[in-house]
Protein chains: 2
Amino acid sequence: MDALERLIEGLQRAENVEGLQASTEQLRDHFAVRHVIYHWVNSRGERFGAGTYSSQWVDRYLERDYLRLDPVIFGCFQRFTPVNWKELDWSSKAARAFFKDATEHGVGNQGYTIPLRGPKGQFALFTANDSCDDEQWEAFISSNARDLMILAHEFNKKALEFETGADGAPAPSLSPRELSAMTYLAKGFSRAQAANELQISEHTLRVYIEAARHKLGALNTTHAVARALASGLIVV
Amino acid sequence: MDALERLIEGLQRAENVEGLQASTEQLRDHFAVRHVIYHWVNSRGERFGAGTYSSQWVDRYLERDYLRLDPVIFGCFQRFTPVNWKELDWSSKAARAFFKDATEHGVGNQGYTIPLRGPKGQFALFTANDSCDDEQWEAFISSNARDLMILAHEFNKKALEFETGADGAPAPSLSPRELSAMTYLAKGFSRAQAANELQISEHTLRVYIEAARHKLGALNTTHAVARALASGLIVV
DNA sequence: TTTATACTCCCCAATTCTGGGGAGAGGGCC
DNA sequence: GGCCCTCTCCCCAGAATTGGGGAGTATAAA
C-alpha cells in the first residue's frame, strides 16, 4: 500500500467537514508544503472550505470579500485544467494588493489549483500552496500533479456525501419537447421563433415552457432556463 | 518510466482528432478491454468522439439518435463522479432495447465512464468498456480507476488544444452590478424584485441588464442569463 | 386494460419586457 | 490631466410574455 492510498483511506474515513480539515493537514505534512485547501461551492451556491490556512486569514478573506477579486477563484472559474498560480492574471492593482496581503498572512507565494465542476454548478477548488522559487515549484508540480488530481476527486466524492438531503431535488425529468423548448430559449430564440423551429404553434410551445417551469419549480421563464442549464438538463 | 507515463506521452503527441483515436486504440490494448472511448461536447455544443467502437455502431448510434436515450450520457450528465454502467438506470424499455442493440454491435456489457465538465458547458466522457462478469469488472475498476481518471484529464487537455479559435470569445467581463443583475434574474427575480434587492431603481437595473446583454452578445434577457451561466460568469 | 404522460391546439386580459434615447458623478489607468 | 468605464437616474410606446383555464389524440407503462 503506497502513501497515496494511505492518504485516500484517511480521507475516506472523514465523516464531516472537520474530517476533511484533518485530511488537509495530513496532506500538507505528506507533501511537505505550506498549505492544502479544499474549497467547495454546492448546488445551492453555499460555500465551504477545509484547509490549513490560519483562521485569521480565512476571516480576513471573507470579511474583505476577497472572493470577488481573487485571481485564483476567478481564473479557475473560467478554466478547465489545473493551474499554476504564476500563470494567472495578477496585473490589476487590486490583485497585487490581495497577493501581498495573502503572503503577509502566511500564504505561500506558489500555488497549484485544480478546478472541478459538477452537473449542477457545483464547483470545487483543490489547492496546494507553498513558499519557494519558481523552479522548485515546477518540480513539485510535475512530480505530484497526478496524485493531487486523484486527491481532488476523492475530496469531491467526500464533499458530495455531505451534501444535505442528497442533492435535494432529484432532478426533474423534462420531456423531449420541453427540453427542446428550454434549449431554444437558452439560445436566445423568442417563443415565436422557437415555435417555428419546432414546427408547432406558439400556444403549444407555451404549454411546454409552463410545464417545464412547473417541473423545475421556477418562478419565470428565465429562471426555468437557468435551472435547466444549471442542472445539466440542457446545454447551450 | 511506467506504463501510464508512456501512454500519456503517446497521447500528448496527438496533433488532431485522429491522434486521439490512435490513443484510444493504444489504451484499449494496454488495458486489454474491448473499447475505450472519449466523447466531447465543446462550448458551442458541437460533439465529437474518438474511440474504438466500430464505425457501423457509431453511425447507427447517431442515426437513431441514441444520444437522447443513452443512460450513460444521461446519467453522467447528472453526475459528478465516475460511474459503473451497472449503477445506471436501465429500467425503461427504450434503454434496454438500446443496450441490446449495443451489445449486438460489439459493445461490451460492462462499462466505466468518467464525466468531466468545463467552465462553459464543455462536457466530456471517458469510457472503458469490456465484456465480462460483474465481479471481474469490479476488480478491473478498482485497480485502474485512478489511471483512467488521469487519462481522462489528459484527453481533456488535448481536446482543449483542438478547440478552434481558442474558445472564440475571450469571456466578456461584466461589472459587479451587471453580474448581480444577471444573478438575480437567474434566481428567478423579476426586474422589479431584483432592483429592490439591489436597492436601485428598476430603470437602473435595466441599464445593467442591457449592458450585460450587449457584452454577452445576447439576443434577449433569457439568452444573456443563459450565456452568463454557461460562461461561468455567474452561479445560481 | 386502465392509467399516465406526452403532444397538440385554443381563449383571455394583465403584466412585463424591449427598443432606443439622454445625462451627471465618481473611480481607475496611462 | 484626460480618457474610459461604472453607477445612477429618467422618458415613452409597442411588443412580448405570463397567469390561469379547457380538451382532444396517441403512445408507453403498470
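Numbered from 1 within each chain, the chains take letters A, B, ... in sequence-line order.
Minimum atom distance to the side chain of A/Lys215 is reached by C/dA6, of the listed D/dA29, C/dA6, D/dC7. For B/Arg191, the listed nucleotide lying nearest its side chain is C/dC17; candidates were C/dC9, D/dC10, C/dC17. Of all nucleotides listed (C/dC9, D/dA29, D/dC10), D/dC10 comes nearest to the side chain of B/Val207. The A/Thr221 side chain lies nearest to D/dT17 when the options are D/dT8, C/dT8, D/dT17.
Note on B/Lys100 versus B/Glu104: salt bridge recorded, some NZ/NE/NH1/NH2 to OD/OE distance being below 4.0 Å. A salt bridge links A/Lys158 with A/Glu161: at least one charged nitrogen is closer than 4.0 Å to a carboxylate oxygen.
Separating the CD1 atom of B/Ile209 from the P atom of C/dT18 is a distance of 7 Å, rounded to the nearest angstrom. Counting to the nearest Å, the C1' atom of D/dC5 and the CZ atom of B/Arg177 are 15 Å from each other. Here the P atom of nucleotide D/dT18 and the NE2 atom of A/His223 are 13 Å apart, to the nearest Å. Whole-Å rounding puts the B/His203 NE2 to C/dT18 C1' distance at 14 Å. Between A/Leu205 atom CG and D/dT18 atom C1' there is a gap of 13 Å when expressed in whole angstrom units. If you measure from atom CG of A/Asn196 to atom P of D/dA16, you get 14 Å, rounded to the nearest angstrom. One interatomic measurement links the two molecules: OH of A/Tyr208 to P of C/dC10, which rounds to 13 Å at whole-angstrom precision. Remark: P of C/dC9 and CD1 of A/Ile200 are 7 Å apart, rounded to the nearest angstrom.
Ring geometry, A/Tyr53 versus A/Trp57: the interplanar angle exceeds 60°, so the pair is classed perpendicular (tilted spans 30 to 60°).
In this structure, B/Thr204 reaches the bases: a heavy-atom distance under 4.0 Å links it to at least one base atom across the strands shown. A/Leu219 comes within 4.0 angstrom of sugar-phosphate atoms only, judged by non-hydrogen atoms across all strands, and of no base.
Residue B/Glu202 is the one, among B/Glu202 and A/Ser190, whose nearest nucleotide of DNA chain D lies closer to the 5' end (criterion: closest heavy atom). Comparing B/Ser175 and A/Leu185 along DNA chain D, the residue whose closest nucleotide (by nearest heavy atom) sits nearer the 5' end is B/Ser175.
Residues B/Phe99 and B/Trp90 bring their aromatic ring centres within 6.0 Å.
For A/Arg227 (side chain) and A/Gly217 (main-chain N/O), a donor-acceptor pair under 3.5 Å exists by modelled atom type.
If you check distances only, the side chain of A/Arg206 does reach the base of D/dG20 with a donor-acceptor pair under 3.5 Å.
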